[in-house]
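Here's the structure we're looking at; comments come further down.
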Amino acid sequence: MSATDTQQAPSVGRGSGEPMIQIRQLSKWFGNFQALDNIDLTVSRRERIVICGPSGSGKSTLIRCINALEPYQKGELLVDGIPVSDNLKNIDAVRSEVGMVFQQFNLFPHLTVLDNLTLAPIWVRKIPRAEAEETARYYLERVRIPEQADKYPGQLSGGQQQRVAIARSLCMKPKIMLFDEPTSALDPEMIKEVLDTMTELAKEGMTMLVVTHEMGFARKVANRVIFMDEGRIVEQNDPETFFNNPQSERTRLFLSQVLGH
Amino acid sequence: MTDLAAPTTAPPPAQATSPLNWIRQNLFNTWYNSLLTILLLWIAYQLVPPIVTWLTVDAVWWAAPSEVCREAAGACWAFIHEKWRFIVFGFYPHAEQWRPALAMVIGLGLLAASCNRALWNRWLALGWLIGLPAIGILMSGGILGLTHVPNTRWGGLPLTLGLAVIGLVVAFPLGILLALARRSDMPAVRAVAIIYIELIRGVPLITILFMASLIIPLFLPSGVNFDRLARAQIGMIMFAAAYLAEVIRGGLQAIPKGQYEAADSLGLSYWQKQRLIILPQALRISIPPIVNTFIGFFKDTSLVIIIGLFDLVGAARASLADAEWRGFYKEAYLFIALIYFFFCYMMSAYSQHLERTLDHSNRRKGDLG
């Protein structure tokens, strides 16, 4: 564990010690705009981390770097010991261990729900179809929509689609799950069903990084909350301290805006 | 919105009107619409009865010498009666014309079966595996006691269909590869695709056919004899591939970035992503322009006449060269127009069927939050 990391988060309850994600001095630019500025972050197994911050603060960019959807220009990023770099083999290895849930669900509209779930296990993991379907039905049961297996994504509600997307990632048996604003595109009455699914996942010990504005979820589920602004980690703490006793002025301002109404 | 009115179950208001009312409301609702309606009725009255009379009442329907036709006021269907086999089969030996006929039946039968995805099984694959050589043997002969017919004597509808079907079947995957190449991250691959597509698209098909038939042989070492039909076929494939590539690229561009990212994050390789996620969606959106290109290409095969191949149009023109039957071009062109229309309409109808069956956004169309 690096020195900077221990410095930044001294009293945070960790998962089970071994680091799953190690990020050191990570910087990224979009053209001349610096999106990430020297990010240091270590995530242990079974940690549930919520990342919040104003839009444009780099929080989505940070988790998109973790599964190589975005390239970075400086620093070091290891996932389960594998360096995320330009090496295609490494990228494939990392992506098969990291699941991702998107704001816009990104289900495959031309495939049934069941085919959405079995596609990657069959083609990437080379699992026999029957076995893949069994796994898929198990996870559909888990996200409480087993009866939708033969429908197409376009026939489901937003909340159902997002739960299918979560199940699709879980079918690959990932070690880490990334959530990129998973409830931001949902109608209010559907947010709860998705958050409930995520809460259950956290209880089972999944390592999770969640970019979200759902502060209730952060308070209840996260073991660490990170506040980002202008491409930097401004503050990170356990939820209790983060919400009740924020250290920086910017965090306080942000929280008053998010929680104020 | 705080207006929480109870949901109503009242039926929509009735909108039925009598036909007379409909006519008054739609055709005679203003003075200029009334004028237009009357004008169009008058034009139709001037045109339709004479055409129908020419086509049917005054026409010579059955086999008759050309003199009878020349005295009649109507269409000379006796000409078609006399010449249809030549128009359909060109210079293929008369006694052997059952062979191209059978070849067409096999080819079109296999194509029709392949249009139904429920029939995509190993039997269909076996059918193609046997059918394609069978078509080749039937057309060319030389074995199994069939007399050899060189492809310089092939013509008419089998030639048109062969050029179009083989052309499209080969050009389609080439077009997909070119479209993917043009969107590639690799600059060299992209450059090759752009140069190829822009060069081919910038040149008329006639020029490509001339090049294929006249210029390419100049570059070949002497003694290498490259078949004229094959050269024309290759030229047409190159042409169609460039157009299809641009149409497919349009479809690729319409696929949201999220689909690529979802496929990437699941660990799919480039080719898996393209084949399983991107192309099925991109091709479905591109069905109308793809079929447009197919239909255009089908009719463009008639240009092979300029390098001396007698396709359907060529055979129809050649049939008019007979001194006895000179001048019946209206009947000849109507006849082949009907044949062209049949095949083009089939393609169009099938594409509409395909669009309906592949549309899975049925319930929430346009409702994306």
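The chains referred to below are lettered A, B, ... by the order of the sequence lines, with proteins before strands, and numbering in each begins at 1.
- A cation-pi contact, defined as under 6.0 Å to the ring centre and within 45° of the axis, is absent between A:R48 and A:F217.
- Contact of the A:V258 side chain with the A:C52 side chain is not registered, since no non-hydrogen atoms from C-beta on lie closer than 4.5 Å.
- Cation-pi check for B:K299 over B:F297 is not met; the charged atom does not lie both under 6.0 angstrom from the ring centroid and within 45 degrees of its normal.
- Looking at A:F102, the atoms closer than 4.5 Å to chain B (heavy atoms on both sides) all sit in the side chain, from C-beta outward.
- Contact check for A:V210 versus A:M198: side-chain heavy atoms found under the 4.5 Å cut-off.
- Interface residue A:R168: backbone and side-chain heavy atoms are both found under 4.5 Å from chain B.
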May I have the step-by-step check of ring pair (Phe, Tyr, Trp, His ring centres under 6.0 Å) for B:Y243 and B:F239, ending in yes or no? CA-CA 7 Å; B:Y243 276 82; B:F239 185 77; 4.8 Å; yes
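- Taking the side chain as every heavy atom from C-beta outward, A:V211 and A:Q103 never approach each other to under 4.5 Å.
- For residues 247-282 of chain B, the interface with chain A (any heavy-atom pair closer than 4.5 Å) comprises B:K257, B:G258, B:Q259, B:E261, B:A262, B:A263, B:D264, B:S265, B:L266, B:G267, B:L268, B:Q272, B:R275, B:L276, B:I277, B:P280, B:Q281, sorted by residue number.
- When each of A:N67, A:L107, A:V94, A:V101 is scored by its heavy-atom pairs under 4.5 Å with chain B, the top score falls to A:L107.
- Using a 4.0 Å cut-off between a side-chain N of Lys or Arg and a carboxylate O of Asp or Glu, A:E214 and A:K192 do not qualify as a salt bridge.
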